[in-house]
Number of protein chains: 4
Amino acid sequence: MLEDLKKKVCDANLRLKDEGLVIRTWGNASGVDRKSGHLVIKPSGLDTNGMKPRHMVVVSLETGEVVEGELNPSSDTPTHLELYRAFNRIGGVVHTHSVYATAYAQVGRDIPPLGTTHADSFYGAIPCTRALRADEIHNNYEACTGKVIAERFASINPSQMQAVLVAQHGPFTWGSSPDAAVENASLLEHMAKLAVLSTSLTPYPKPIPQELQDKHYFRKHGPDATYGQK
Amino acid sequence: MLEDLKKKVCDANLRLKDEGLVIRTWGNASGVDRKSGHLVIKPSGLDTNGMKPRHMVVVSLETGEVVEGELNPSSDTPTHLELYRAFNRIGGVVHTHSVYATAYAQVGRDIPPLGTTHADSFYGAIPCTRALRADEIHNNYEACTGKVIAERFASINPSQMQAVLVAQHGPFTWGSSPDAAVENASLLEHMAKLAVLSTSLTPYPKPIPQELQDKHYFRKHGPDATYGQK
Amino acid sequence: MLEDLKKKVCDANLRLKDEGLVIRTWGNASGVDRKSGHLVIKPSGLDTNGMKPRHMVVVSLETGEVVEGELNPSSDTPTHLELYRAFNRIGGVVHTHSVYATAYAQVGRDIPPLGTTHADSFYGAIPCTRALRADEIHNNYEACTGKVIAERFASINPSQMQAVLVAQHGPFTWGSSPDAAVENASLLEHMAKLAVLSTSLTPYPKPIPQELQDKHYFRKHGPDATYGQK
Amino acid sequence: MLEDLKKKVCDANLRLKDEGLVIRTWGNASGVDRKSGHLVIKPSGLDTNGMKPRHMVVVSLETGEVVEGELNPSSDTPTHLELYRAFNRIGGVVHTHSVYATAYAQVGRDIPPLGTTHADSFYGAIPCTRALRADEIHNNYEACTGKVIAERFASINPSQMQAVLVAQHGPFTWGSSPDAAVENASLLEHMAKLAVLSTSLTPYPKPIPQELQDKHYFRKHGPDATYGQK
């Protein structure tokens, strides 16, 4: 079942490794099929060497139970499930420990929009969640990770901001497809690197003004976009 | 028309990608033919994969209108036009979001001449423009970007300083040809990296004295240059 | 004798070079055969180019004397011996001067557990030893290096923390085999890099809480681990 | 004449480029033949692409005049001459603008011996010269660059410290041969990188004690060295 989606999810996981966003087995990509109510995700701890679409695990979006697949799904599956439930228009989710984004997550700070490069891809500061409480760590930790992300997005549009940092942990991104989520993981890492470099020049660089963010973001995104070819 | 210039502009855009100065489609190179009054520039949002000279767009230097080409010209075309108009001896313009130079642009600082490496290529501090005002962002944003560059160069010789940082945005460079502009984009990034590293050792490193700047710059540039082979 | 272990030790030394953890001849890996009471280690100053298992040197774990081999053993052999004696369940030891870990050793600081990436691999802060005293430098320096490591681990479990920084010097790691020790050297360098980046954002980033360390470490290690495939 | 030395000097210049210590034409290596009183050096501004031993220029150590060669010698030739005259046991000299070492030169600071990695290769802090005075910049600038290096080494043994930073400029290194000088340029860059990383953790890291420097330096260098194979 879902052969096409399995291939897309497998390819997304391979691209994460190729781009250096994931080392070892520290990351995962998934995709969702809203019609059938199924999520397809990388198996837990499986190396990308020799990884094939048939290794992907199919999980019920409603119950979180494995529907098909011989391997255990990623240990982060409950986080992915929460994100697909909270953001009902997204088609793919990615989790990495890419170094610059993780550095920001480790200090618990949003990545401010310091330049137009950021504004071209992300609308506003890339938010960092609060740290999980002890009870959230003890009970349903991975699901709670998804819940604090959803909580952080109470007043943020997940279509315009397709990335988040989980405090003390690392980044999650999403998009219309597994590959779009990988693209956002790559863009996030790039913005984090730019922000680290700017911060090395001055401790608290100032975000760019709202009108410049609007100009650049909406030049490339939404109904009035003028960038590129029609 | 302008087949030779189209090839040069295409090559310049490909070199930007090869040298890692541009990722995705975030940058552009153009060239000008002063005789015919035409500018040749990369299409908007076109990936360099498979990009050919015939994809380049020809634009009137006077009116800014497309003269030849099936694709939309780069969204930064009005900035390029302003630079060719303001600096009437230059033959090529390049825009990138290269990381070290962009880090400086994001904090709105000139790159000071901290050593002879800098002075060998750039005469004085590499200037950063003021930020654009809200009205400049709202009306003719890309043209205003060119105008604040020209404003910043009121008392700077654009032949001796072939690079600028646009505050909150990133670098533009120019030169006698599209390829010379790319070379300057590469040199700029190198100087920015050296300055970031020096700043990591001490927050405000001191510029080198004027006589040392003169010695190194004019050893390599201008009528009294002694460097290299005759 | 010990042909299989010689191959493993040789491979471990080659991997150190391949992964960029060792440059020049600045590092070494060894393995131990507890039954025969012998340690197998890289020769002193030997380049990895053309290095073969037959070049490995066999040393008595009890006396420290060469049992087999035509070349001098690594100058750090006495440190390795001390570690095998102090930590009697380990099978391999590695020493490198990898840059991020060495940067921490040079400032004499533990690498704090700043995120779950760290906690997935190391339980607690990666400890840094005290500096050696003058008398320890003058007499049996290399053995004393091993002794200060053992001293630092008085109340640390060397199975849960398989890495250490020797102050003013650099990292040592260990594991169940020579290859496992190399893996830990690689993981250590990655955590050090993440910590350097976080520290560039804020001078003293806060360690994550104990419960989050427990959650991540024991999700992957020990009898209750759930990560990966059974 | 000096065919063998020309090959060594050419190879040294090529290695500088291969190791990334020199970009563009920003660096040079030379060698000396004490018997004939000649120095062999890279031509000024010549790219390493297609560079051959026959392009090397032979210069008189006494007069500084070109003895053989069709191209102009490196503009830094007078600096090399001063070094060969001041340090009469060295056989090769190298100049680069490698980024980490140049960052230190740009802030005018010695690179302190922060760890045993440094002490294994350099005995003491790698010294930075004073800045040149205006009169030294105006008259015989390149020769004065050599003279301030010699001045800085008034009480330093150039056999134990084969590297220097020229303030506001960059590094020079030397050794028993052109290749040994390149090796030292590479080691210097590595120590500078380690020192930059340590400084990013704490602004003024403390040098290691003298006895530890002695231990490591003399373990590898001089008559009592024990490192490596006999």
Side-chain angles (χ1 to χ4, degrees), chain A residues 15 18-21 99-100 111-122 125-126 179-180 182-221 224-230, chain B residues 22-27 43-47 55 57 69-76 95-109 111 131-142 144-145 165-171 192-193 195-201 203-205:
Chain A
R15 183 179 161 198
D18 286 346
E19 293 204 12
L21 296 165
V99 292
Y100 288 98
I111 302 176
L114 300 178
T116 61
T117 322
H118 180 119
D120 279 332
S121 297
F122 298 98
I126 297 164
D179 190 63
V182 174
E183 177 71 6
N184 285 324
S186 178
L187 294 174
L188 165 61
E189 181 67 358
H190 193 78
M191 302 318 154
K193 182 177 182 178
L194 280 176
V196 163
L197 288 176
S198 288
T199 306
S200 82
L201 291 170
T202 192
Y204 287 94
K206 270 193 291 191
I208 60 174
Q210 190 61 44
E211 50 267 30
L212 191 55
Q213 293 181 52
D214 288 348
K215 182 74 190 180
H216 272 262
Y217 189 78
F218 294 112
R219 195 170 76 160
K220 279 193 150 179
H221 305 270
D224 299 327
T226 57
Y227 185 88
Q229 309 297 330
K230 278 290 128 57
Chain B
V22 163
I23 62 164
R24 306 306 196 274
T25 59
W26 306 349
S44 180
L46 193 74
D47 193 82
H55 296 128
V57 186
E70 293 171 19
L71 300 168
N72 299 334
S74 164
S75 57
D76 295 315
H95 172 46
T96 82
H97 292 243
S98 65
V99 292
Y100 288 97
T102 298
Y104 264 95
Q106 290 191 161
V107 299
R109 275 202 219 160
I111 303 176
L132 273 74
R133 294 185 308 261
D135 63 294
E136 293 168 324
I137 294 169
H138 290 307
N139 305 309
N140 299 315
Y141 168 66
E142 291 85 1
C144 289
T145 298
L165 306 172
V166 174
Q168 305 177 336
H169 192 147
K193 182 177 183 177
V196 163
L197 289 176
S198 288
T199 306
S200 83
L201 290 170
Y204 288 93

Pick one of side chain, backbone, both or neither for B:I23, based on which atoms fall under 4.5 Å of a heavy atom in chain A. side chain

Chain B: which of A:K220, A:H190, A:Q210 shares the most heavy-atom pairs with it under 4.5 Å? A:H190

Quick one: which of B:T102, B:V99, B:V107 gives a side chain to side chain contact (heavy atoms under 4.5 Å, CB included) with A:S198? B:V107

Nearest heavy-atom neighbours spanning A:L194 and B:Q106: O-NE2, 3.8 Å

Measure the CD-CG distance between B:Q168 and A:L114 for me, rounded to the nearest 0.5 Å. 10.0 Å

Whatever's closer than 4.5 Å to a heavy atom in chain B on A:D120 counts as side chain

Tell me which of these, B:A134, B:P73, B:S200, B:A105, has more heavy-atom pairs under 4.5 Å with chain A than the rest. B:A134

Which heavy-atom pair separates B:N72 from A:G228 by the least distance, and what is that distance? ND2-O, 3.1 Å

Is chain A contacted by the side chain of B:E142, its backbone, both, or neither, given a heavy-atom distance below 4.5 Å? side chain

Could you walk me through whether B:E70 and A:Q229 satisfy the side-chain contact (heavy atoms from CB on, under 4.5 Å) test, starting with their C-alpha distance in whole Å, then the side-chain angles of each, then the deciding distance to 0.1 Å, before giving a yes or no? CA-CA 10 Å; B:E70 293 171 19; A:Q229 309 297 330; over 6 Å; no

Option passing side chain to side chain donor-acceptor pair (under 3.5 Å) with B:Y141 (candidates A:R219, A:H216, A:K215): A:H216

Hey, does B:L132 have a side-chain heavy atom less than 4.5 Å from the side chain of A:E211? no

Value rounded to 0.5 Å, distance of CG in A:L212 from CZ in B:R133: 14.0 Å

More than 12 non-hydrogen atoms from neighbouring residues, nucleotides or ligands closer than 6.0 Å to CG on A:D18, yes or no? yes

A:Y227 and B:S75: which non-hydrogen atoms are nearest, and at how many Å? CD1-OG, 3.7 Å

Quick check: closest heavy atoms across A:L201 and B:R109, and the distance to 0.1 Å? O-NH2, 2.6 Å

Is it the backbone or the side chain of A:Q213 that comes under 4.5 Å from a heavy atom of chain B, or both, or neither? neither

